[in-house]
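For reference, the structure discussed in these notes is given below.
Below, each value reflects all heavy atoms present in this structure, side chains not excepted, and no hydrogens, waters or symmetry copies. The chain is numbered in sequence order, starting from 1.
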Amino acid sequence: MITKEEEFLQRLAWQSLYCLRACPPDAILFAADPGAECQAHMTLCPFCRERLEQRSARKALPLGTSLPELPKRPAVSAGQIWSLEPYLAGWGPGDRYYNPPLVLILAVLDIPHRVVQVAQLAPNETLLGVDDLVLEDAHGTAEAWNVYTVRIDDLHRCWGETNPRNVREVIRLSELDIPVPDGIIRMFRDLETDVGAFFAMQSIGKALSVEEAILEMDALRSSNPDWTFPEDLDDPFLAAALATPPRSLLSLAAANEEHIDVTVMRTRDADVQLSMTRAFLVDKREKDDGIRYFFELDGEVSDCREIQVWVRNGDCRKLETVYFEPDSPYFTIQLERGVSNTDGFEFRVVLICHEA
């Protein structure tokens with residue numbers, strides 16, 4: 001039997017977590033036309049109604065002009081704490097806006113896709129159960145009862161890591177089946193498993209639909225008959241990067257250090273359409289480990305999921321040191337000094353967009 005004080009603290013924790021997980025960001029809530037989904041959410045959510053009432057006391061912060069630094073992106077391994085990509089967020093069941101959580105990597109799996117098994121993290125210990133594990137260094141609580149799978153490409157940023165002993169303990173706890181009584185703890189767990197299911201479907205479901213759309217090179221060629229593709233390639237992304245577009249899509253000026261051509265791959269159901277845009281070099285910074293190139297896309301490109309970049313200098317090699325923030329026109333490429341000091345290299349860039 002919990003005390004009234006404990007119940008009060010649980011209710012406060014529940015309110016805080018609900019806002020964190022299920023309420024839309026300011027850009028959506030305060031929009032001139034927030035949309036039907038937001039209106040439906042408002043009828044159910046007293047917290048967002050209160051945010052609207054307090055809006056008059058707020059002032060918008062001016063947008064900064066600084067370019068994003070390339071974050072450290074280590075090789076993904078068990079024990080790391082990651083946030084999920086912001087582009088996975090969105091409206092879902094229960095008239096909620098699902099915000100990406102932090103997750104603990106339990107295992108890295110290569111079959112059938114490059115995916116990771118994760119346990120979702122809660123921000124505090126107030127709603128702790130016997131099958132939760134509190135992590136050190138303020139990383140939160142690992143929900144061993146809320147384990148799911150996401151693509152490695154949908155991991156956003158690494159925020160640290162915990163020790164292998166904690167990973168083994170979370171895996172052990174995940175195999176238990178402990179009943180949870182009705183009440184705030186049950187409400188909390190229902191919400192958290194809904195969040196996990198939403199992001200697992202966003203990640204794996206979209207990955208499957210995109211892969212099915214471009215599984216066959218024949219499909220890529222048939223959807224873009226005016227493009228010339230290299231022979232003997234089974235990677236549709238690399239094929240798009242190296243393809244020659246029709247004359248009508250070629251840049252008026254040849255690509256150079258001031259701007260580069262970007263191939264836009266837009267998928268919708270089983271259709272894959274290619275187009276071209278440009279990116280302008282806005283900054284170039286020398287670092288100890290190489291040179292960072294900051295580019296800005298020419299015009300708005302919607303529904304962007306990711307960006308893939310190859311450097312061509314005799315051979316063609318895919319780069320992992322690329323930073324792209326969805327809904328931002330900027331992307332950053334880091335090139336090690338051995339290549340960046342060589343004449344004649346060029347970037348081949350593919351911007352991947354998925355329309356629901």
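- Cys23 is listed as a side-chain neighbour of Cys48, based on a closest heavy-atom distance under 4.5 Å.
- Contact check for Leu133 versus Thr141: no side-chain heavy atoms found under the 4.5 Å cut-off.
- His156 is not listed as a side-chain neighbour of Leu84, based on a closest heavy-atom distance of 4.5 Å or more.
- Remark: Arg285 is positioned above the aromatic ring of Phe294, its terminal NZ or CZ atom under 6.0 angstrom from the ring centre and at most 45 degrees off the axis.
- At a threshold of 4.5 Å between non-hydrogen side-chain atoms, the residues Arg348 and Leu242 count as touching.
- Here Arg168 pairs with nothing under the salt bridge (Lys or Arg N to Asp or Glu O under 4.0 Å) rule; sequence neighbours left out.
- Taking the side chain as every heavy atom from C-beta outward, Phe199 and Val103 never approach each other to under 4.5 Å.
- Judged by distance alone, the side chains of Gln273 and Ser223 never bring a donor and an acceptor atom under 3.5 Å apart.
- Residues Asn166 and Leu135 form a side-chain contact, since some pair of their non-hydrogen atoms from C-beta on lies under 4.5 Å apart.
- Using modelled atom types and a 3.5 Å distance limit, the side chains of Asp154 and Tyr87 yield a donor-acceptor pair.
- Remark: Tyr148 pairs with no residue by the ring pair (Phe, Tyr, Trp, His ring centres under 6.0 Å) rule, at least two apart or across chains.
- Scanning for salt bridge (Lys or Arg N to Asp or Glu O under 4.0 Å) contacts around Glu50 gives an empty result, with sequence neighbours left out.
- Within a 6.0 Å radius of CZ in Arg11, no more than 12 heavy atoms belonging to other residues, nucleotides or ligands are found.
- When ring centroids are compared, Phe347 and Tyr293 come within the 6.0 Å threshold.
- Using a 4.5 Å heavy-atom cutoff, the side chains of Glu143 and Asp132 are in contact.
- Taking the six-membered ring for Trp and thresholds of 30 and 60 degrees, Tyr18 and His41 have nearly parallel ring planes, at less than 30 degrees apart.
- To the nearest 0.5 angstrom, Glu169 atom CD is 10.5 Å from Asp131 atom CG.
- In this structure, the side chain of Thr263 does not engage the main chain of Met276 through any donor-acceptor pair within 3.5 Å.
- Looking only at side-chain heavy atoms (C-beta outward), Val195 and Pro101 come within less than 4.5 Å of each other.
- Under the 3.5 Å distance criterion, with hydrogens and angles disregarded, no donor-acceptor pair is assigned to the side chains of Arg21 and Tyr97.
- For Trp159 and Ser83, the side-chain atoms include at least one donor-acceptor pair closer than 3.5 Å.
- The backbone N or O of Asp298 sits less than 3.5 Å from a side-chain atom of Thr277, completing a donor-acceptor pair.
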